[in-house]
Amino acid sequence: MGSFEYLRPASISEAIALMEGSGGRGVYIAGGTDVMVLIRQKKIFPGCLISLRNIGDLAYLNTASGLAIGSAVTHNAIAKNEFIQKKYTALTDATNKVGSLQIRNVATMGGNICNAAPSADTACPLLVLDAQAVIAGKDGDRKVPIDDFFLGPNKVALKPGEILKGFAMPAFNGRTGSAYIKHTRRQAMDLPMLGVAARITIRIDGDEIGCKDALCTIDNISNILRRFEDEKLVCEDIRIAMGVVAPRPMRAKKAEEALKGKVISEALFEEIGEIAASECQPRDSIRGEAWYRRDMVKVLTRRAILRAVDRVIRPDDMIWPERLW
Amino acid sequence: MDGLKFVGKRIPKKDAPLKATGEAIYIQDLKVPGMLYGKILYSKYPHAKILKLDISKASALPGVKAVITGGDVPNNFKFGFLKDNPPLKSGKVLSTRDEIAAVAAVSQEIAEEAIDLIDVEYEELPGIFDPIEAMKEGAALVHEEFPSNVLKMPWKFVHGDVEAAKKESAFIAEDTFSTQWVTHCCLGTSGCVASFDVGNTLTMYSNTQIPSLAQGDFLEALKAFGLKNKRVRIIQTVIGGGFGSKLDTYAYEYIAILLALKTRRPVKIVFSREEEFLATSPRQPTITKISQGCDKDGKLTFREMAMVLDNGAYTSWGATTPSVMMVPISSLYKVPNIKYTAKCVYTNNTYSQAFRGYGNPQATFAIESCLDQLAEKAGIDPVEIRRINANESGEVTPQNFRITSCGMKDCIEEVVKRLDWKNKCKRGNGKGVGMASLIHVGGAARVYKSDGCGTIIKVDDNGKVDVITGASEIGQGSDTIIAQIVAEVLGIPMDDINVINNDTDVCPWDVGAHASRTTFVAGNSALGAAQKIKAQIMEIAAKNLGEPVDALDMQDGIIFSKNDKEKSIPLGKVLRKAHYSLGGRMLVAEHFYDPPNENFDQTFRGNLSVSYAYGAHGVEVEVDRETGQVKILNYIAAHDVGKAINPMLLEGQIYGGGLQGIGYALGERMIYDKGYLKNGNFLDYKMPTVRDVPPVQAVIVESDEQAGPFGAKGIGEPGLVPTAPAIANAIYDAVGVRIKDLPITPEKILRALKEKEGQKA
Ligand SMILES: Cc1cc2nc3c(=O)[nH]c(=O)nc-3n(C[C@H](O)[C@H](O)[C@H](O)COP(=O)(O)OP(=O)(O)OC[C@H]3O[C@@H](n4cnc5c(N)ncnc54)[C@H](O)[C@@H]3O)c2cc1C
């Protein structure tokens, strides 16, 4: 490992100034869990590391309108946040399963997104939660929809020197649920073979949605959904995002369109899964074969939507322990 | 009650506090004055001519003290089982782990930088990566000096008449099974410090698991390097896991020696994790054709197996695993007719070595998977066919193994009971159960001329005991076991016993930590030495107390008369009296235990082990039909261990073995693509994590092996032997597909399920 300077600016503007002065040899470092690996693998040779850890303006978590999260908030802080667990559950699903506890305690969501691996776990949740990337530059802040932020593998829409300040997500109504399913070969310390996130808002004419009887708390969601058949739950809004099946995390827009406005049923989700699978472009790699990944998009899309629906119908912590994991 | 105070008790490992606090000195921690850091350059290609090797830039880098290449290896020295492996390769490389140059520098960083400055030009040659291709007539030769890629090894065992038995069998099942490369994943990577003194005595600080044999290997190397009649001393640091990976000497050790000789300074080489994946030797892949038959009642009639093993480019113990494979092949269940052949084949892949089980897991995967196939054909429950054919005490097997104690049936019944087999099998709801049994050497294994281990016990004036043993502590707990045995015999507290085990200048000979032999052999050796020293102590005490020797006993460090409890004397006092008197004496005893087992004869018959270990694993799985993922719901590992000297450590071996077996069954594999290792890191090599640990019940079945120390047999390896077939069988029970090549990935299951659906449609 070569040697480098380690700088610790106290503000965003100071960090940007240091980066400008580094003559192109500076690299921002947040948790360092991607940066240090790249340095040790001799893939990057920074002259100086500019730490973002002491900058309070990157560490906010604000729920006044929608959700605003600073880029330097760690995965574990996000995973433990009860508001996020209730309202932006897909993010909880994702941050809970990044690496290991040690990684989650230092690694940040900003780092995850700026590193922009096709396998970045928080990418799909942010896509389905309509997040905007808030970017700070020399000349002030700008906002970019997260879908436009990813340009390709390890490529994002940051201009030289710019810092990702954080993420802004809108508020969703109470008939909204989200989920992220990470498909792995082992239960921890694993990157996803693929990941699928979904957010759904459901409408039911004239009534509150919710399970009213005791059976609801123990039965599985497929059966419960069947019992709702007569009530004609309608998909008011839907987002589906897939990771590791294309050069960058992507929305399954055709699948979304096919579901929006329809009366929901598991059979329909099955079809939606097929459409999503037709939209992705998985590759063969040592981490997984393309045919398998495509197949899994089918399965996991259905399961992710189902889980999101479940979270609308049964918004009770007790019945989805995986959220508490 | 058996009246035992230490043996059979759950006593924590002696070295646990050292390891838990970080005080233990591993090879990674070791610094020797004046030490340099060595680093190795490996080949870029699996098969190539070296056209140019320019070390001038590396040599000129400040801080670099030596750069060596193949030309610096004196006398064409080669090492390994067939002496086909030069520590540094010149002219031609045969695999991507081929060492072609090495550097010694004043820091690790400079050594690494120097390696990057070595300029190599290659001419790539086509390689052979498939052993089946390599066996074909006219295939290019990996070693041009040998007539064939098939190693000249005599692996063949024949018993009875398989052809006749086939004709008489009511049912026959046959199939082909294959296994993958897996590696040991020791937390402590390999490493050494080589150091010469002015008289050219070589001291190797090492984490080897074979100090005595390594000493011999290095002596031979010194001779080749022109240093005749020198001495080699091996000092073992604390060892962070072995599992067979440190059962042979490696090129890096000879390179460290050469660099130390050249620089006249100690040289340390420690593997990075990536090197550990690339340059240590894994368990080899096998392709096994098997057929087994039974009569109409389910009694086995024959077993025929033909195996091909990918040896890789050089030869280490991997090429000898067919010997241990023969144990289950000839003797797992009662089978009257056996035919087995194995071919080890050179390829341009990594070369293989010993790994926990030493071939047994590969063989058992085929045998036990195929046994379920046979049971199905015969319409017999998988448990029933195992009951019918189970091994028994008193049996003499086709290889002339004399089975003294056998708890196999008990193990099977434990699995059946705890898994609730009757209610859990054939449910057809995506959940299923499976089982598999095992036999392994449990009372050492005479693979060398000697299978012995020595112990010296010395008692100081204060009643404290030093036990100097040949046994290597590689994390398995041999120190604790040995101390328990000595404490039991002498009747003194564990804390009064110090085990010294890490220095060939001090410790007696031992053949190494392999073959699940340490508790059995080193334990018996310690037992013998303890009895001898006790006799000496009692003899002196008898004089002091005026009582006959057989009236005396010792407890908690006090010697007393069984007739008259008033008559007692502390151990320390007896010793001081013996010591501080005219013509005084010191108290030392030694005992060499070499078990009464036999080498194989030319036909591979002979009682390889004094006793045999048995076990059965049962597993309940749930298979996700949509994703192919397998979840283990329940895991029962029942082992006949003779006697558990320390149930806690023993369970540790079973849990660890089981989990390693689960990794082998469901996820671990080294992905070699045309000679290149594609996943040499823990991200892509899917060793299970703590989150993947299923509920495991370790069931200890005691069969009281007369030849073992306090009745104990070996348990080091058995824990992972039947794991993969038990899981494969459970998956079959759950969803009706049989996966015949390891690891059983979700992709393979899903593909098989689709094929099955397709067939139905
Ligand atoms: C053992 C291990 C396991 C892992 N497991 C997972 C996993 O399961 N899932 C997963 O998705 N990832 C995983 N990762 C990758 C990594 O932990 C995540 O991507 C993490 O979120 C990166 O965050 P960080 O704060 O450590 O980023 P850093 O390493 O500090 O930075 C990453 C990149 O982003 C840039 N950057 C960081 N913050 C900013 C900012 N505010 N503005 C501009 N640029 C910025 C840096 O310059 C760098 O290029 C794992 C890594 C390790 C080492």
Side-chain angles (χ1 to χ4, degrees), chain A residues 1-4 33-34 37 39-42 45 96-104 117 119 181-194 196 222 266 269-270 273-274 277 282 284-304 306 322 325, chain B residues 107-113 115-116 180 185 272-274 277 624-632 659 662-663 665-674 676-694 743-755 757:
Chain A
M1 197 165 64
S3 60
F4 41 77
T33 59
D34 280 318
V37 173
I39 293 174
R40 284 184 192 276
Q41 289 177 342
K42 300 186 180 169
F45 302 89
N96 245 335
K97 294 221 164 174
V98 170
S100 63
L101 187 60
Q102 293 88 334
I103 294 290
R104 295 195 288 274
S119 59
I181 299 181
K182 173 176 182 172
H183 197 61
T184 54
R185 293 189 189 275
R186 61 183 171 204
Q187 296 302 310
M189 275 297 194
D190 213 354
L191 293 178
M193 256 190 279
L194 77 155
V196 177
S222 298
E266 201 172 344
F269 297 160
E270 185 101 35
E274 304 260 355
D284 281 329
S285 82
I286 58 156
R287 294 187 180 153
E289 295 171 48
W291 73 267
Y292 182 74
R293 287 191 166 124
R294 195 183 291 278
D295 251 37
M296 289 308 99
V297 166
K298 228 181 291 178
V299 175
L300 298 189
T301 299
R302 190 192 79 231
R303 289 184 183 181
L306 213 51
E322 62 267 63
W325 182 76
Chain B
S107 75
Q108 188 69 38
E109 288 72 25
I110 294 175
E112 279 168 25
E113 207 184 325
I115 285 293
D116 292 341
Q180 77 281 35
C185 299
S272 67
R273 179 56 60 190
E274 289 75 14
F277 272 103
D624 185 328
R625 287 176 193 271
E626 288 185 327
T627 65
Q629 284 173 314
V630 176
K631 188 173 174 193
I632 296 179
L659 198 61
I662 289 169
L666 294 177
E668 289 183 42
R669 70 175 169 140
M670 301 175 83
I671 303 172
Y672 269 96
D673 181 14
K674 298 199 166 54
Y676 296 95
L677 178 60
K678 294 292 187 184
N679 63 337
N681 58 64
F682 278 135
L683 172 58
D684 287 317
Y685 184 88
K686 304 293 180 185
M687 184 164 79
T689 69
V690 68
R691 285 250 178 236
D692 299 283
V693 180
I744 304 172
T745 59
E747 286 93 330
K748 288 179 192 170
I749 292 179
L750 202 61
R751 197 182 279 129
L753 281 169
K754 281 175 191 273
E755 270 166 25
E757 289 295 307

How many angstroms lie between atom [atom1] of [X] and atom [atom2] of [Y], to the nearest 0.5 angstrom?
X        : Y        : atom1 : atom2 : result
A/Ile286 : B/Asn679 : CD1   : CG    : 5.0 Å
B/Lys748 : A/Tyr292 : NZ    : OH    : 13.0 Å
B/Thr627 : A/Met193 : OG1   : CE    : 8.5 Å
A/Ser285 : B/Ile671 : OG    : CD1   : 8.5 Å
A/Met189 : B/Met687 : CE    : CE    : 10.5 Å

Going through the checks in order, is the salt bridge (Lys or Arg N to Asp or Glu O under 4.0 Å) test met by B/Asp624 and A/Arg303?
CA-CA 13 Å; B/Asp624 185 328; A/Arg303 289 184 183 181; 2.9 Å; yes

Which pair of heavy atoms, one from A/Ala188 and one from B/Arg691, lies closest together, and at what distance?
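Closest pair (atom of A/Ala188, atom of B/Arg691, distance): CB-CG, 3.8 Å.
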
Which heavy atom in B/Leu683 sits nearest to a heavy atom in A/Asp190, and how many Å separate them?
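Looking at all heavy atoms of both residues, the shortest contact is O-OD1, 4.1 Å.
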
Any heavy-atom pair between the side chains of B/Pro746 and A/Arg185 that's under 4.5 Å?
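A/Arg185 vs B/Pro746: side chains touch.
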
Would you say A/Gln187 and B/Val690 make side-chain contact, with heavy atoms under 4.5 Å?
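Side-chain contact under 4.5 Å: no.
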
Under a 4.5 Å heavy-atom cut-off, does chain B meet the side chain of A/Arg302, its backbone, both or neither?
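Side chain only.
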
Select one option (side chain, backbone, both, neither) describing which atoms of A/Thr184 are under 4.5 Å from chain B's heavy atoms.
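For A/Thr184, backbone heavy atoms alone lie under 4.5 Å from chain B.
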
Does a salt bridge link B/Glu274 with A/Arg40, judged by any charged N lying under 4.0 Å from a carboxylate O?
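Salt bridge flag = no for A/Arg40 with B/Glu274.
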
Pair B/Glu626 + A/Lys298, salt bridge at N-O below 4.0 Å
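No, no charged N to carboxylate O under 4.0 Å.
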
Carefully, step by step, assess A/Glu289 and B/Arg751 under the rule side chain to side chain contact (heavy atoms under 4.5 Å, CB included).
CA-CA 12 Å; A/Glu289 295 171 48; B/Arg751 197 182 279 129; 2.8 Å; yes

B/Asp692 (side chain) donor-acceptor with A/Arg186 (main chain) under 3.5 angstrom:
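No: the side chain of B/Asp692 does not pair with the backbone of A/Arg186.
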
Check whether B/Asn681 gets within reach of chain A through its side chain, its backbone, both or neither, counting any heavy atom under 4.5 Å.
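Neither part.
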
